[in-house]
Amino acid sequence: MDKFIGRKEELVSLQELYNKKGFQMAVLFGRRRVGKTTLINKFIEINKCKSVSFVSTEMTETELLERMGNDVLESLTPNLSGKLKFDSFDSVFDFIAEESSKERIIFVIDEYPYLAKSCPYMNSLLQKYIDGKWNKSNLYFILLGSLVSFMKEEVLGTLAPLHGRANREFKINPFDYKDTALFVPGYNEEEKAIVYGLTGGVAKYLEQFDSNLSLDVNIEKLFFSRNAFFSEEQIKTVITAEKSNPVAYNSIIDAIAKGKTKYNEIQMTTGMSDISFCLKNLIAAEIVERREAPKPYYVISDSMVNFYFKYVAPGVSLINSGKGKLYFEQKVKQKLHQFMGSVFEKMAKEYILGNVGTKKVPCFLTDVVEYQNSIKAGKEIKTVEIDLLGLDGKKYVLAGECKFKSEKLDKEDLENFQEKLNYLPASNLKTMLFSLSGFTDYVIENSKNMALVTLEKMY
């Protein structure tokens, strides 16, 4: 898709820095494939100024120097391309300083962690130029990185040489459900929501969907065909990028997908003596999330990965034999609403946070979480789970329930929710019900002051 979608706030912030005189620096980080490079390319296109975009890869220091030097010459002084050769990164940065003293130049280093790992002195070298020659120039310096932990610790961390040098720091997140819908404008609201669930709002994944094809055809083509984009190798890359021992990471994800969500359950299922390091990395990569409860548990927070392990991986043999379409129609299609349960909760959370202080959510809150607790009811221990719990600090201010099913949210659903509210240590809660298919007359008449939100209203 050639059309640029979303990222308005990010473009405004980048432009504000561009419009200021003198040296400016921005750092953008976020997981792979969310659209960081596309955003910067759009920004450069808008401003139509001289720019250098260098993309780091896993290469030697010598190879990286040669490539950066070539990119700099071809972008800034094409008449010197092939005639001048840089013998060090210092000489490249000196050249950039000289050229940017004459006019505004954008210098982008994409996937910076690769450059920094091949050249361990790079952070300190950049610090020297930022504090020295570049600081007297009109250079607009932009660092991009997909290895989030590295960018946070080695670039932005308090002990890092580059700490405090950036004028702006951006975390580029996947698209929310509303911006995701713009990639498939011809779909209805339910189909748009399912696309959000299947992609998690990741730009690269969304670009694979052809809105001229039906949702079913897209799913079959992208997940259940022999040459599917979301193949076993693609999923392994998503999970284990930058990580050693890929088998361990896949084993942990597979265990969680099969319902082994407690730490000890995951450990026993994988047969690993210590899973803490791998879990920490998966959480940092935003693939797994640790949910706090009386007994903490883990969920797959990347909905695309979750879908693959729960619904695609069990049918890999059939898919490879050319029976993927049959497998989807017979075993998966009817489970899409079940899969969308947790995705719909995430959408409702985005809806609530995006409408705080408006008529739609007329209360103040700072976060929305899932609530799970064990309550003693007589001689029994009752597990109470509430899909959405709105917090203002530690104070409970809102509670909500979500149902992504073909049937309307009915009397039983309403009464179950009302019963669970009795166990919450809070009063005067704002309450909300979210439903794919609407609400029965009974619910509409007996929901009292509850806000009733259909999927259609969410868009």
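Hydrogens, waters and symmetry mates are skipped; everything else that's a heavy atom, side chains included, is used. Bear in mind that the values here come from a model prediction, so they are computed numbers and not experimental data.
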[X] side, atom [atom1]; [Y] side, atom [atom2] - distance, nearest 0.5 Å:
X      : Y      : atom1 : atom2 : result
Asp71  : Ser53  : CG    : OG    : 8.5 Å
Glu9   : Leu11  : CD    : CG    : 10.5 Å
Glu289 : Leu282 : CD    : CG    : 13.0 Å
Glu350 : Met458 : CD    : CE    : 8.0 Å
Met347 : Ser342 : CE    : OG    : 11.5 Å
Lys403 : Asn416 : NZ    : CG    : 7.0 Å

Any residue meeting side-chain contact (heavy atoms from CB on, under 4.5 Å) with Lys360, in chain and number order, not counting sequence neighbours: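 In terms of side-chain contact (heavy atoms from CB on, under 4.5 Å), with neighbours along the sequence ignored, Lys360 is linked to Tyr351, Asn355, Thr358.
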So with a 6.0 Å cut-off around [atom1] of [X], is the heavy-atom count from everything else above 12?
X      : atom1 : value
Glu415 : CD    : yes
Lys262 : NZ    : yes
Met59  : CE    : yes
Gln334 : CD    : yes
Lys325 : NZ    : no
Phe277 : CZ    : no
Asn19  : CG    : yes

Can [X] and [Y] be counted as an ion pair, charged N to O under 4.0 angstrom?
X      : Y      : value
Arg290 : Glu292 : yes
Lys50  : Glu103 : yes
Arg168 : Glu16  : yes

If the condition is side-chain hydrogen bond (donor to acceptor under 3.5 Å, both in side chains), which residues does Gln267 pass it with, not counting sequence neighbours?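 Counting only residues at least two positions away or on another chain, Gln267 forms no side-chain hydrogen bond (donor to acceptor under 3.5 Å, both in side chains).
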Going by side-chain hydrogen bond (donor to acceptor under 3.5 Å, both in side chains), name the residues that satisfy it together with Asn79, two or more places apart in sequence or in a different chain.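 Applying side-chain hydrogen bond (donor to acceptor under 3.5 Å, both in side chains) to Asn79 gives none.
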Step by step, work out the side chain to side chain donor-acceptor pair (under 3.5 Å) result for Arg32 and Thr237. CA-CA 10 Å; Arg32 291 180 183 279; Thr237 301; over 6 Å; no
Distance-minimising heavy-atom pair for [X] and [Y]:
X      : Y      : value
Leu436 : Ser406 : CD2-N, 4.4 Å
Leu424 : Ala399 : CD1-CB, 4.2 Å
Leu353 : Asp367 : CD2-CA, 4.3 Å
Lys405 : Asp413 : NZ-OD2, 2.8 Å
Leu143 : Val155 : CD1-CG1, 4.2 Å
Ala203 : Val34  : CB-O, 3.5 Å

With the side chain counted from C-beta on, respond yes when [X] and [Y] share a heavy-atom pair under 4.5 Å apart, and no when they do not.
X      : Y      : result
Met268 : Lys260 : no
Leu455 : Phe404 : yes
Leu144 : Val55  : no
Lys430 : Val397 : no

Tell me every residue that passes ring-ring contact (aromatic ring centres under 6.0 Å, His included) with [X], counting only those two or more places apart in sequence or in another chain.
X      : answer
Phe439 : none
Phe93  : Tyr129, Trp134
Tyr459 : Tyr177
Phe170 : none

Whether [X] and [Y] hold their rings parallel, tilted or perpendicular, with breakpoints at 30° and 60°:
X      : Y      : value
Tyr205 : Phe230 : perpendicular
Phe339 : Tyr311 : perpendicular
Tyr327 : Phe224 : tilted

Verify the distance criterion only: is there a donor paired with an acceptor across the side chains of Gln15 and Asn47 at less than 3.5 Å? yes
Return each pair, listed once, that meets salt bridge (charged side-chain N to carboxylate O under 4.0 Å, His left out) where at least one residue sits in [range]; pairs must be two or more places apart or across chains.
range            : value
residues 176-192 : none
residues 438-452 : none
residues 210-226 : Asp216-Lys333
residues 315-324 : none

Please evaluate residues Asn167 and Tyr140 with respect to the criterion side chain to side chain donor-acceptor pair (under 3.5 Å), reporting the C-alpha separation (whole Å), side-chain torsions for both, the decisive distance (0.1 Å), and the verdict. CA-CA 10 Å; Asn167 302 92; Tyr140 190 174; over 6 Å; no
Backbone N/O of Ser146 and side chain of Arg31: donor-acceptor pair under 3.5 Å: no
Whether the side chain of Thr77 engages the backbone of Leu80 through a donor-acceptor N/O pair (distance < 3.5 Å, no angle test) should be reported.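 No: the side chain of Thr77 does not pair with the backbone of Leu80.
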So, for Phe150 and Phe29, is the gap between ring centers shorter than 6.0 Å?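 Here the rings of Phe29 and Phe150 have centres that are no less than 6.0 Å from each other.
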Within 45° cone and under 6.0 Å: Arg7 NZ/CZ vs Phe175 ring: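 Cation-pi check for Arg7 and Phe175: passes.
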For Ser435 and Lys408, what are the C-alpha separation, side-chain angles and deciding distance, and is it a side chain to side chain donor-acceptor pair (under 3.5 Å)? CA-CA 7 Å; Ser435 172; Lys408 293 182 178 181; over 6 Å; no
Between Leu398 and Ile352, is a side-chain contact (heavy atoms from CB on, under 4.5 Å) present by the stated rule, with each step listed? CA-CA 10 Å; Leu398 178 146; Ile352 291 169; 3.9 Å; yes
Could you walk me through whether Asp410 and Tyr442 pass side chain to side chain donor-acceptor pair (under 3.5 Å), step by step? CA-CA 7 Å; Asp410 58 19; Tyr442 177 88; over 6 Å; no
With sequence neighbours excluded, residues passing salt bridge (charged side-chain N to carboxylate O under 4.0 Å, His left out) with Glu419: Lys382
